[in-house]
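Please read the structure below before turning to the comments.
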Amino acid sequence: MPESSSISLNPRVRFAPSPTGFLHVGSARTFIFNWLYARHNHGTVILRLDDTDVERNTQASVESIFEGLKWLNLGWDEVYKQSERIELHRKTAWAIFEKGLAYRDFTPAHAGEAEKSGAQGTWLFNPGAREMPRQESDRRAATGEPFALRFRVPRELGQMVRFIDAVYGEQIKAADDIEDFALLRSDAMPTYHLASCADDADLHISQIIRGQDHLTNTFKHVLIFEAAGFVPPQFAHLPLLVAPDGTKLSKRRHGPVVSVTTYRDAGFLPEAFINFLCLLGWSPKNDRENMSLRELRDAFSLEGINRSNAVVNFKEPAATAEEMFDPKAVWLNSEQIRGLAVEDLSARLLPIVRGAGFDISAEKMLRITPLIRERIKLLNDVLTAADFFLVKDLAPYHPAELIPQKGDAAMALKVLTKARQVLATVEFKHDPLDHALRAAAQEMGLKAGQMFQPIRVAVCGRKNAPPLFETLEVLGKDTVLRRIEDAAQKI
RNA sequence: GGCGCUAUCGUCUAGGGGUUAGGACGGAAGAUUCUCAAUCUUCAAACCCGGGUUCGAUUCCCGGUAGCGCUACCA
């Protein structure tokens, strides 16, 4: 079989972040799509740090990117750093130069920037450099005069550059509209375009899946691949993730919602977060939304990717943690929390509860978990949903809370007194508690709700809480009786 | 300015020459339960504008508009 079919069977994809900040949600989605594509097709995922911009790269950023990726928990197969591959990039650039497809430009950096950035259409090249005879170029280089190496875009013959994008279809651009971009800077460091293409070729990348902001750059990349004698890989560009105001997500403008670790720290399940990101710009086309990683992997294909930008629908000034995130992300998270086995959920909740300073056993956490599972949307909600299980003494609440519907303080006190009697002797299991308390209500001529509310407030400190009998059971007789007594004092 | 990409409910999307334009989130109302949550039911909510092609366009083509991207010796 021809080589192309083996490529399509075992694709090699790469995720190539540049370490100039934390892991951005848009980058995370690009990584996820690459991962899904590779895993769906039994391919290889390559992580490549595109760190050729020495000025802006930081070690802190490298670490925070790894931190974000680690939380996503998807993994990869090979890792590379571009900064360790610079010789390869240079070799590629000079090979292009030797073919006459690049030239030295001795124009000082940033010279004539004013003309470039504005008025008269596209800047194409610096005058005098492109046409400079090779001998003169060599001579000036030999004297140590600094230069950038530029690609000689073949625009003489009205040539068209073209490629097929797996998402956007056939793309064609006139070479006339492409400027002589740099390959090497005057400090001999490779530019992004060069380094990226040289590495993609060397690493045998078969599919480049990346953000749509690179769509127009791709014409330059096709030119580089061809000039260096490589067959360009397949391209698939992803629609961008934007803020509710339509602008691209940025830390400065939009704050922590654009950072992956913010989701982690707020109590998202990584699988729910991945699920959410997948639904932005991609659809399985069968109305499925809540999907496991396995289902996503099985369903994923480039054909399902959209072409228009997707809004991450967060609220700019958020009152609560939950409010700052896209409601769909929160919903998916709560759905997936409910889908987790109690043991699994409990194990994820435990470090959060302990981290908040509560000394709680795994066994107790396991008993609390089913009672709050349907009541939390983010893992961190455990702290507010299960507070009364965790604290020794309840936070102060208003005594009026104890008064039942259509009742008064006297009724509340009566209920509490009766409850204390009944509960002192009954076995603390769901059914006996149920029978005893309902019998007591009937005896006093009260509705079940009128009986239960004062007790619930007494033991939970609020009206809204999990079902009463299960709660009493987990809390235990001692705590329950003590809290009922305290409540009775308040009236 | 030049070049490119995009346009379906508030948001994510399905669909496609003839449909009551489908689903989901969010919102509203109701049912259910010891409260809350969950669950269930119901409701409101969209094809950017103009021209063409056609018996018929939201769908195809062109133009406009808007948004976004690229236009660096950033990536």
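Numbers restart at 1 for each chain; the letters A, B, ... are given by sequence-line order, proteins then strands.
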Between [M] and [N], how far apart are the [atom1] atoms? Round to whole Å, please.
N: B:rA38; M: B:rA44; atom1: P; value: 23 Å
N: B:rC3; M: B:rU19; atom1: C1'; value: 39 Å
N: B:rC55; M: B:rU71; atom1: P; value: 47 Å
N: B:rA37; M: B:rC74; atom1: C1'; value: 49 Å
N: B:rC48; M: B:rU11; atom1: P; value: 12 Å
N: B:rC43; M: B:rU20; atom1: C1'; value: 16 Å
N: B:rA46; M: B:rU41; atom1: P; value: 23 Å
N: B:rG10; M: B:rG18; atom1: P; value: 24 Å

For atom [atom1] of [X] and atom [atom2] of [N], their distance in whole Å:
X: A:Glu179; N: B:rC73; atom1: CD; atom2: C1'; value: 12 Å
X: A:His193; N: B:rC73; atom1: NE2; atom2: P; value: 9 Å
X: A:Asn126; N: B:rA72; atom1: CG; atom2: P; value: 10 Å
X: A:Arg288; N: B:rG15; atom1: CZ; atom2: C1'; value: 20 Å
X: A:Phe325; N: B:rC25; atom1: CZ; atom2: C1'; value: 16 Å
X: A:His221; N: B:rC74; atom1: NE2; atom2: C1'; value: 12 Å
X: A:Phe125; N: B:rA72; atom1: CZ; atom2: P; value: 14 Å
X: A:Trp123; N: B:rC70; atom1: CH2; atom2: C1'; value: 14 Å

- Item | Those residues that, when tested against A:Glu271, pass side-chain hydrogen bond (donor to acceptor under 3.5 Å, both in side chains) (two or more places apart) |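 Scan of A:Glu271 (side-chain hydrogen bond (donor to acceptor under 3.5 Å, both in side chains), adjacent residues dropped) gives A:Arg348.
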- Checking A:Asp326 side chain against A:Lys328 main chain: does a donor-acceptor pair fall under 3.5 Å?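 Yes: the side chain of A:Asp326 pairs with the backbone of A:Lys328.
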- Does A:Ser186 use its side chain to pair, donor to acceptor, with the backbone of A:Phe147 at less than 3.5 Å?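 The answer is no, because no donor-acceptor pair under 3.5 Å joins these two groups.
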- How about A:Glu170 and A:Ile172: do any of their side-chain heavy atoms sit closer than 4.5 Å?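 In contact.
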- Message: Side chains of A:Phe235 and A:Gln207, heavy atoms from C-beta outward: is any pair under 4.5 Å?
- Response: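 Result no, sub-4.5 Å side-chain heavy-atom pair not found.
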Could you tell me whether [X] contacts a base, only the sugar-phosphate backbone, or nothing, with contacts defined as non-hydrogen atoms closer than 4.0 Å?
X: A:Ser334; value: nothing
X: A:Asp50; value: sugar-phosphate
X: A:Lys447; value: nothing
X: A:His237; value: nothing

For [N], what is the paired nucleotide under Watson-Crick or G-U wobble rules, both distances under 3.5 Å?
N: B:rA24; answer: B:rU11
N: B:rC68; answer: B:rG4
N: B:rU19; answer: none
N: B:rU33; answer: none
N: B:rG63; answer: B:rC49

- When you check the phosphate oxygens OP1 and OP2 of B:rG15, does a side-chain N or O of A:Lys285 lie under 4.0 Å from one of them?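 A:Lys285 to B:rG15 OP1/OP2: side-chain N or O found under 4.0 Å.
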- Within the pair A:Arg56 and B:rA75, is there a side-chain N or O less than 4.0 Å away from OP1 or OP2?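 So the side-chain polar atoms of A:Arg56 never come under 4.0 Å of the phosphate oxygens OP1 or OP2 of B:rA75.
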Does [X] pair with [Y] as a salt bridge, N-O distance under 4.0 Å?
X: A:Glu322; Y: A:Lys377; result: yes
X: A:Glu179; Y: A:Lys220; result: yes
X: A:Arg338; Y: A:Glu374; result: no

- Note on the structure: Going 5' to 3' through nucleotides 3-12 of chain B and flagging B where a protein heavy-atom sits under 4.0 Å of the base, S where only the sugar-phosphate is that close, and - otherwise, we get SSSSS---SB
What donor-acceptor contacts under 3.5 angstrom involve side-chain atoms of residues 430-437 of chain A, with partners at least two apart or in another chain?
| residue | atom | partner | partner atom | Å |
| --- | --- | --- | --- | --- |
| A:Asp434 | OD1 | A:Arg438 | NE | 2.6 |
| A:His435 | ND1 | A:Asp431 | O | 3.2 |

Can I get a per-line list of side-chain donor-acceptor pairs under 3.5 Å for residues 244-251 of chain A, giving both atom names and the distance, sequence neighbours left out?
| residue | atom | partner | partner atom | Å |
| --- | --- | --- | --- | --- |
| A:Asp245 | OD1 | A:Thr247 | N | 3.0 |
| A:Asp245 | OD1 | A:Thr247 | OG1 | 2.6 |
| A:Asp245 | OD2 | A:Thr247 | OG1 | 3.3 |
| A:Asp245 | OD2 | A:Arg253 | NH2 | 2.7 |
| A:Thr247 | OG1 | A:His254 | NE2 | 3.4 |
| A:Ser250 | OG | A:Arg253 | N | 3.1 |

- Query: Is the ring centre of A:Phe325 less than 6.0 Å from the ring centre of A:Phe268?
  - Reply: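 Centroid distance A:Phe325-A:Phe268: below 6.0 Å, so yes.
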- Item | Along RNA chain B (nearest heavy atom to each residue), the more 5'-positioned of A:Gly304 and A:Leu184 |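 Counting from the 5' end, the first nearest nucleotide belongs to A:Gly304.
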Between N or O atoms, less than 3.5 Å apart, protein on one side and nucleotides 32-38 of chain B on the other: list the pairs.
| residue | atom | partner | partner atom | Å |
| --- | --- | --- | --- | --- |
| B:rC34 | O2 | A:Arg456 | NH2 | 2.1 |
| B:rC34 | N3 | A:Leu468 | N | 3.4 |
| B:rU35 | O2' | A:Asn464 | OD1 | 3.0 |
| B:rU35 | O2 | A:Lys463 | O | 2.9 |
| B:rU35 | O2 | A:Ala465 | N | 2.9 |
| B:rU35 | O2 | A:Ala465 | O | 3.2 |
| B:rU35 | N3 | A:Ala465 | O | 2.5 |
| B:rU35 | O4 | A:Pro467 | N | 3.0 |
| B:rC36 | O4' | A:Asn464 | OD1 | 3.4 |
| B:rC36 | O2 | A:Arg375 | NH1 | 2.6 |
| B:rC36 | O2 | A:Ala465 | O | 3.4 |
| B:rC36 | N3 | A:Arg375 | NH1 | 2.4 |
| B:rA37 | O2' | A:Glu374 | O | 2.0 |
| B:rA38 | O3' | A:Arg338 | NH1 | 3.4 |

- Task: Kindly state each residue pair satisfying ring pair (Phe, Tyr, Trp, His ring centres under 6.0 Å) with at least one member in residues 183-203 of chain A, sequence neighbours excluded.
- Result: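 Found A:Phe181-A:His193, A:Tyr192-A:His214, A:Tyr192-A:His221, A:His193-A:His221.
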- Between the base of B:rA75 and the side chain of A:Asp213, is there a donor-acceptor distance below 3.5 Å?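 Donor-acceptor pair under 3.5 Å: no.
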